[in-house]
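Since the model is a prediction, treat every value here as computed from it, not as a measurement. Worth knowing before you read on, the calculation uses all heavy atoms, side chains too, and leaves out hydrogens, waters and symmetry mates.
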Amino acid sequence: MTQTTSRLTIDDRGVAWLTLERPDVHNAFDDHLIAELNDHLRRVGELAHRNEVRALVLGSQGKSFSAGADLNWMKRMVDYDFEDNLADSRELSALMHGLDTLPCPTVCRVQGAAFGGAVGLAACCDIVIASEKAKFCLSEVRIGLSPAVISPYVQRAVGSRQMRRYALTAEVMDAPTAEALGLAHRVVAHEELDAAVAAMVDTLLGTSPQASRATKALLAEVAREPDSNTTRDHTCRVISELRVSHEGQEGLTSFFEKRRPAWAPDSPSNTERRQ
């Protein structure tokens, strides 16, 4: 029987916690872990569309966030032909795309080293909170490879100029450097990491689930085509649809009535989320 290498739990607030559980190998990727994560993300996406998941936190066990590709997996790759490698790469690409386009907000908890493909996981999340002990490295060129699959997401986070430097040198970025480049949004003392993640989750739970989904999808469209007649018309339609929606009306009404909206934590009208 194949050992489970990740875990998905959903709490009663609708927060999904997706955890890499391979601390003995620094949470390194292999084809089995990638397949598991893809399955978990498909489930979370379905639940998010039904408003049963409000946010996702991606994290891992142990001292490292993830060391990138697993050494045993890489040894097997030596015997792969082009088609085998292409199939493997497409599974990793599906993981990055699935995380990047997940309907609900995503938070990445980085407690230690994030190397190779793990930098891609962080870049695909909406919000990255890192420990002061965290380190990031696009290490692929050191072993004759390239950060190819993750490059669109990491370059979007740090910009093309900085991407050229760090993808070509494989230099290690400490946490403050990652924050300065835009890869991490906040760096905190190691012992404060969980509290910072919890506070961010609370902040996200105070927002409208429908508006969060619509805004995340809208920003992806705007990034693809920032200024066009089509984009401008789309932005007008999104805000108009939200204004007349049930949650839009509830948000405006609660604001004027100076009360919590129905979706906010501790609201009496909040229904319990499914485990």
Is Glu221 salt-bridged to Arg224, going by a charged N under 4.0 Å from an acidic O? yes
Does Leu92 share a hydrophobic cluster with Phe115, counting links as ILVMFWY side-chain heavy atoms below 4.5 Å and allowing steps through other members? no
Output a table of donor-acceptor pairs, distance under 3.5 Å, between side-chain atoms of residues 183-193 and any protein atom two or more places apart or on a different chain; print 'none' if there are none.
unit_1	atom_1	unit_2	atom_2	d
His185	ND1	Val128	N	2.9
His190	ND1	Ser131	OG	2.7

Yes or no on side-chain contact (heavy atoms from CB on, under 4.5 Å) for Tyr153 and Val119, after CA distance, side-chain angles and deciding distance? CA-CA 9 Å; Tyr153 310 102; Val119 181; over 6 Å; no
Give a yes or no on whether Phe29 and Tyr80 share a hydrophobic cluster (residues Ile, Leu, Val, Met, Phe, Trp, Tyr; joining criterion: side-chain heavy atoms under 4.5 Å apart). yes
So, using salt bridge (charged side-chain N to carboxylate O under 4.0 Å, His left out) as the criterion, who are the partners of Arg161 when residues are at least two apart? none
Partners of Glu21 by side chain to side chain donor-acceptor pair (under 3.5 Å), sequence neighbours excluded? Arg7, Gln61
For residues 203-214, which residue pairs pass the salt bridge (Lys or Arg N to Asp or Glu O under 4.0 Å) check, not counting sequence neighbours? none
Go through the steps to decide whether Ile10 and Glu52 satisfy the test side-chain contact (heavy atoms from CB on, under 4.5 Å), and finish with yes or no. CA-CA 9 Å; Ile10 302 171; Glu52 294 180 41; over 6 Å; no
Strictly distance-based, threshold 3.5 Å: is any side-chain N or O of Asp174 a donor or acceptor partner for the main-chain N or O of Lys135? no
So do the side chains of Arg54 and Trp263 get within less than 4.5 Å of each other, counting heavy atoms only? yes
Would you say the side chain of Leu99 lies within less than 4.5 Å of the side chain of Cys125, judging by non-hydrogen atoms? yes
Residues forming a side chain to side chain donor-acceptor pair (under 3.5 Å) with Thr203, sequence neighbours excluded: none
More than 12 non-hydrogen atoms from neighbouring residues, nucleotides or ligands closer than 6.0 Å to NZ on Lys216, yes or no? yes
Side chains of Thr230 and Glu225: do they bring a donor and an acceptor to under 3.5 Å? no
Leu56 vs His40 side-chain heavy atoms within contact, under 4.5 Å: no
Taking salt bridge (charged side-chain N to carboxylate O under 4.0 Å, His left out) as the definition, give me every residue that meets it alongside Arg164, ordered by chain and number, with sequence neighbours left out. none
Of all residues at least two apart in sequence or in a different chain, which pass the salt bridge (charged side-chain N to carboxylate O under 4.0 Å, His left out) check with Glu171? Arg165
Pairing residues for Glu257 by the salt bridge (charged side-chain N to carboxylate O under 4.0 Å, His left out) criterion, not counting sequence neighbours: Arg259
Whichever hydrophobic residues join Ile143 through chains of side-chain contacts under 4.5 Å: Leu71, Met74, Leu145
Contacts table for residues 235-244: side-chain donor-acceptor under 3.5 angstrom, sequence neighbours left out:
unit_1	atom_1	unit_2	atom_2	d
Thr235	OG1	Arg232	O	2.7
Arg237	NE	Asp233	OD2	3.0
Ser240	OG	Cys236	O	2.8

What side chain to side chain donor-acceptor pair (under 3.5 Å) pairs are there with at least one residue in residues 92-119, not counting sequence neighbours? Ser60-Gln111, Asp100-Arg156, Thr106-Asp126, Arg109-Asp194
What residue pairs, at least two apart or across chains, pass salt bridge (Lys or Arg N to Asp or Glu O under 4.0 Å) with a residue in residues 76-93? Asp31-Arg76
